[in-house]
2 protein chains.
Amino acid sequence: MEDRTSTTPGHPEVTSSPRGDLFSPECPTRRLLDRVGSKWVAMIVKTLAEAGELRYADLKRRTPGVSAKMLTQTLRGLEDDHLVVRRVEPTVPPAVHYSLTPLGRSLDEPLAALRDWAETHMSEIDQHRQETARQA
Amino acid sequence: MEDRTSTTPGHPEVTSSPRGDLFSPECPTRRLLDRVGSKWVAMIVKTLAEAGELRYADLKRRTPGVSAKMLTQTLRGLEDDHLVVRRVEPTVPPAVHYSLTPLGRSLDEPLAALRDWAETHMSEIDQHRQETARQA
DNA sequence: CGGTATCCATTTTGATACTG
DNA sequence: CAGTATCAAAATGGATACCG
């Protein structure tokens, strides 16, 4: 197996353990959720999944409310994870394109499942919350 | 008293979002990810999905690092969403049990898909990150 | 066009102490 | 046992200004 445990004692098991895995800071799920739960990742991945490839400014336009800082920061993180690839056309001024890698597209699948769940059940949750509304 | 409604609008009034779907603050996916992405939700849901029902102290024991405050706060949020149900046995001292609702168990499915993706692909991501290391 | 750099506000989480 | 209350720290996100 690959070395993903440089800071942990050598336990070769990488498969889904009953528990004790999700709880360490190195836990893949923990780290994935830290990323995916961050404010712009989900919509950027979704947008790129749908649009295929977009220039920086287009992506920014399609992500209402995002600042240049956050867009870049999010994109850099995704790029570091190889979920997104950055392609520069050396024109003047340069045109920078972003798209999902195959890995990024594969992430969009479980993400889509989550979106699906949200769209199916969040209204239900909202109803419950209104009924049970306990005030602070 | 602590304000537990920081992630909610505070008024059930229908706010027509100036922009479309995934991008407005009322977007179900956005709100789901805000919850699920919070530090302890994923592991609590997973633990309850596996254990079925647990007392507060047991749950705390199985969630290393969590403070009473965060555990309670997380549980209250999940309870408000009807993802978790709280059952009190009126003994002295009282025994409080938590378990997933059917809705909570249904959420565990897409969540499990995400875990699965993470366990399959995060090592890959880590390798890339080491190779391409972009340090601040 | 596609970013960086800086500073600041908000949110979120943690530590600690105390209670019915 | 199962929480609350309070304060502080840390992480996150946003506004603004500037650059190649």
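By convention in this document, chain letters (A, B, ...) are assigned in the order of the sequence lines, proteins followed by strands, and residues within each chain are numbered from 1.
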May I have the distance from B:D58 (atom CG) to D:dG3 (atom P), rounded to whole angstrom? 12 Å

For the side chain of A:Y98, counting heavy atoms from C-beta on, which of D:dG3, C:dG3, C:dT13 is nearest? C:dG3

Could you label the plane-to-plane angle of the B:Y56 and B:Y98 rings as parallel, tilted or perpendicular, counting under 30° as parallel and over 60° as perpendicular? tilted

Is there a side-chain contact between B:K39 and the phosphate of D:dA11, meaning an N or O under 4.0 Å from OP1 or OP2? no

Measure from the side-chain heavy atoms of A:R86 and tell me the nearest of C:dG3, D:dT4, C:dT6. C:dG3

Rounded to the Å, how far apart are B:H97 NE2 and D:dG3 P? 11 Å

In whole angstroms, how far is the C1' atom of D:dA2 from the CG atom of B:L71? 10 Å

Among D:dA15, D:dA2, C:dT4, the one nearest A:K69 by side-chain distance: D:dA15

Sequence neighbours excluded, which residues qualify as ring pair (Phe, Tyr, Trp, His ring centres under 6.0 Å) partners of B:W117? B:H121

So for the helix from C:dC1-D:dG20 to C:dG20-D:dC1, with five pairs setting each end axis, what is the inter-axis angle to 10°? 50°

Salt bridge (Lys or Arg N to Asp or Glu O under 4.0 Å) partners of residues 63-74 of chain A, not counting sequence neighbours, each pair once: none

Residues 103-114 of chain A vs salt bridge (Lys or Arg N to Asp or Glu O under 4.0 Å), sequence neighbours excluded, gives A:D108-A:R115

Mark yes or no for whether B:T74, through its side chain, and B:W40, through its backbone, hold a donor-acceptor pair below 3.5 Å. no

Pick out which of B:K60, B:R62, B:R61 makes a side chain to side chain donor-acceptor pair (under 3.5 Å) with B:D58. B:R61

Rounded to whole angstroms, how far apart are NZ on B:K60 and P on D:dA2? 11 Å

Hits for side chain to side chain contact (heavy atoms under 4.5 Å, CB included) against B:K39, two or more places apart or cross-chain, chain-then-number order -> none

With side chains defined as the heavy atoms from C-beta onward, is the minimum distance between A:L83 and A:L100 less than 4.5 Å? no

Please give, in whole Å, the distance from C:dT11 C1' to B:Q73 CD? 11 Å

Nearest to side-chain heavy atoms of B:T72, which nucleotide of D:dG13, C:dG3, D:dG3: D:dG3

In whole angstroms, the gap separating P of D:dT12 from CZ of A:R76 amounts to 19 Å

Within this structure, what is the CG-to-P distance between B:L33 and D:dT12, rounded to whole angstrom? 15 Å

Which pairs, protein N/O on one side and nucleotides 18-20 of chain D N/O on the other, fall under 3.5 Å?
none

Which listed nucleotide (C:dG3, D:dG14, D:dG3) is nearest to the side chain of A:M70? D:dG14

Using modelled atom types only, decide if a donor and an acceptor are shared between the side chain of B:T101 and the backbone of B:V85 within a distance under 3.5 Å. no

Options C:dG2, D:dG3, D:dC1, nucleotide nearest the side-chain atoms of B:R55: D:dC1

So does B:D34 pair up with B:R30, basic N to acidic O under 4.0 Å? yes

Of the options C:dC1, C:dT6, C:dT13, whose atoms approach the side-chain atoms of B:S38 most closely? C:dT13

Nearest-Å distance for atom pair CH2/P, residues A:W40 and D:dT12: 16 Å

